[in-house]
Every structure is written in C-alpha cells, then in structure tokens.
Amino acid sequence: VNDWAIEQVFETPSNGTRTDKTTDYKNYYYDWNLSIKKNEDYILTYRILNFSPYSESGRWNFNSSNTNVFFVNANGNNASIGSNWTILRLKEKELWMETLNSSNNIIVEAHFIPR
C-alpha cells in the first residue's frame with residue numbers, strides 16, 4: 001500500500017539477454033504513478049511521452065500465498081500494467097515485481113520506489 005514510481009525496469013526476452021529499459025519506460029510512461037490502496041483499489045496515472053494523459057483504476061488482490069498480485073481495471077479488462085505480477089521483493093520502500101508480456105514473450109521486471 002503506497003504510491004509507487006518507477007525506479008528501474010528490465011526486459012528479458014526468450015533468448016535470456018536481460019536489458020535495462022529504465023530510460024525507455026520513464027520517457028514513454030512519463031510521471032508514472034501507481035497508487036495501491038488498503039481497500040484493494042488502485043489508480044494508475046502517467047502521460048504518454050509527456051503529452052497524452054492516461055488514467056485507469058480498478059481492483060487488486062493477492063493470490064492465496066501472497067506471492068502474486070492481480071490487477072483488474074474497473075471495466076473488467078486486464079489492466080494496462082499487466083494483470084498478473086509475481087512479487088520479487090516487497091518492503092516499506094521497495095516493490096519489485098515481474099510479469100510476462102504474452103504479446104512478445106518478454107519478461108518485464110520492474111522496481112518501484114515510494115513517491
């Protein structure tokens with residue numbers, strides 16, 4: 001539960017070459033903010049290339065073992081940030097998660113810090 005900003009993002013395609021994509025993500029998803037609320041609501045906002053504002057809201061929940069978090073936007077579709085994330089690290093000032101982008105078979109690992 002916090003307001004999170006992107007710290008680092010890595011992509012790993014099926015060939016296994018991990019690449020730092022932080023600059024690309026910060027430029028494309030300018031001023032990215034994920035607000036995760038205690039009541040299981042979330043709000044995601046950013047500006048695409050610092051021009052077009054984007055906002056989505058919905059619900060989040062953990063799986064039974066609290067190792068994954070699921071995001072479903074308010075209209076019932078998968079969230080733009082991905083619907084299923086594996087939690088790699090969760091601390092008061094760190095949130096690390098990864099998800100598989102099924103459209104290109106790339107694993108996206110994101111490290112977030114509090115705003």
Side-chain angles (χ1 to χ4, degrees):
V1 174
N2 211 335
D3 285 353
W4 298 99
I6 294 172
E7 180 183 34
Q8 290 183 293
V9 179
F10 303 95
E11 289 186 352
T12 307
S14 56
N15 70 7
T17 304
R18 185 176 191 227
T19 305
D20 187 337
K21 295 290 195 169
T22 303
T23 301
D24 294 343
Y25 276 75
K26 285 185 174 184
N27 288 335
Y28 188 83
Y29 303 103
Y30 188 82
D31 202 24
W32 191 93
N33 184 69
L34 176 60
S35 182
I36 299 176
K37 308 291 185 183
K38 284 184 182 183
N39 67 356
E40 296 185 352
D41 286 341
Y42 78 89
I43 300 169
L44 172 66
T45 58
Y46 56 85
R47 290 190 312 273
I48 300 168
L49 298 171
N50 199 17
F51 293 111
S52 300
Y54 178 83
S55 179
E56 96 179 25
S57 61
R59 305 281 291 165
W60 67 270
N61 63 347
F62 290 116
N63 65 346
S64 60
S65 61
N66 293 338
T67 56
N68 288 59
V69 62
F70 301 94
F71 294 93
V72 178
N73 71 21
N75 69 15
N77 296 330
N78 288 342
S80 71
I81 61 170
S83 59
N84 180 13
W85 287 80
T86 300
I87 300 167
L88 303 174
R89 174 180 280 177
L90 178 56
K91 299 194 179 250
E92 185 177 337
K93 296 187 179 191
E94 290 180 301
L95 172 59
W96 294 9
M97 300 189 299
E98 72 177 14
T99 191
L100 175 65
N101 182 335
S102 58
S103 66
N104 57 13
N105 208 30
I106 291 177
I107 295 172
V108 178
E109 179 181 328
H111 299 184
F112 306 107
I113 55 174
R115 285 200 165 267

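These numbers come from the heavy atoms of this one structure, side chains and all, not from hydrogens, waters or symmetry mates. If you're wondering where the values come from, they're calculated on a predicted model, not measured in any experiment.
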Using distance only, find each side-chain donor-acceptor pair of residues 7-17 under 3.5 Å and give its atom names and separation, not counting sequence neighbours.
unit_1, atom_1, unit_2, atom_2, d
Glu11, OE2, Tyr25, OH, 2.6
Asn15, OD1, Thr17, N, 2.9
Asn15, OD1, Thr17, OG1, 3.3

Next on the checklist: Between Trp60 (side chain only) and Asp41 (backbone N and O only), is there a donor and an acceptor less than 3.5 Å apart?
Outcome noted: yes

Checklist entry - Where the side chain of Thr99 meets the backbone of Asn84, is there a donor-acceptor pair that is under 3.5 Å apart? => result yes

Checklist outcome for this item: For Ser65, the side chain to side chain contact (heavy atoms under 4.5 Å, CB included) test, sequence neighbours excluded, returns Asn63, Thr67

Next on the checklist: Donor-acceptor pair, distance only, cut-off 3.5 Å: does the side chain of Asn27 make one with the backbone of Thr23?
Outcome noted: yes

Next on the checklist: Please evaluate residues Asn105 and Leu100 with respect to the criterion side-chain contact (heavy atoms from CB on, under 4.5 Å), reporting the C-alpha separation (whole Å), side-chain torsions for both, the decisive distance (0.1 Å), and the verdict.
Outcome noted: CA-CA 6 Å; Asn105 208 30; Leu100 175 65; 3.7 Å; yes

Checklist entry - Would a 4.5 Å heavy-atom cut-off, applied to side chains only, mark Tyr54 and Tyr29 as touching? => result no

Next on the checklist: Under 4.5 Å side-chain heavy-atom separation, chaining through any Ile, Leu, Val, Met, Phe, Trp or Tyr, what else clusters with Ile43? Say none if it is isolated.
Outcome noted: none

Next on the checklist: Hydrophobic cluster membership, with links at side-chain heavy-atom distances under 4.5 Å among I/L/V/M/F/W/Y: are Phe51 and Ile48 in one?
Outcome noted: yes

Next on the checklist: Would you say that Trp4 contacts Asn33 through its side chain, given a criterion of any heavy-atom pair below 4.5 Å between the two side chains?
Outcome noted: no

Checklist entry - Are Leu88 and Phe112 joined in one hydrophobic group, where the rule is that I, L, V, M, F, W and Y side chains link up if heavy atoms are under 4.5 Å apart? => result no

Item to check | Arg115 side chain near Asp31 side chain, heavy-atom distance below 4.5 Å | outcome: yes

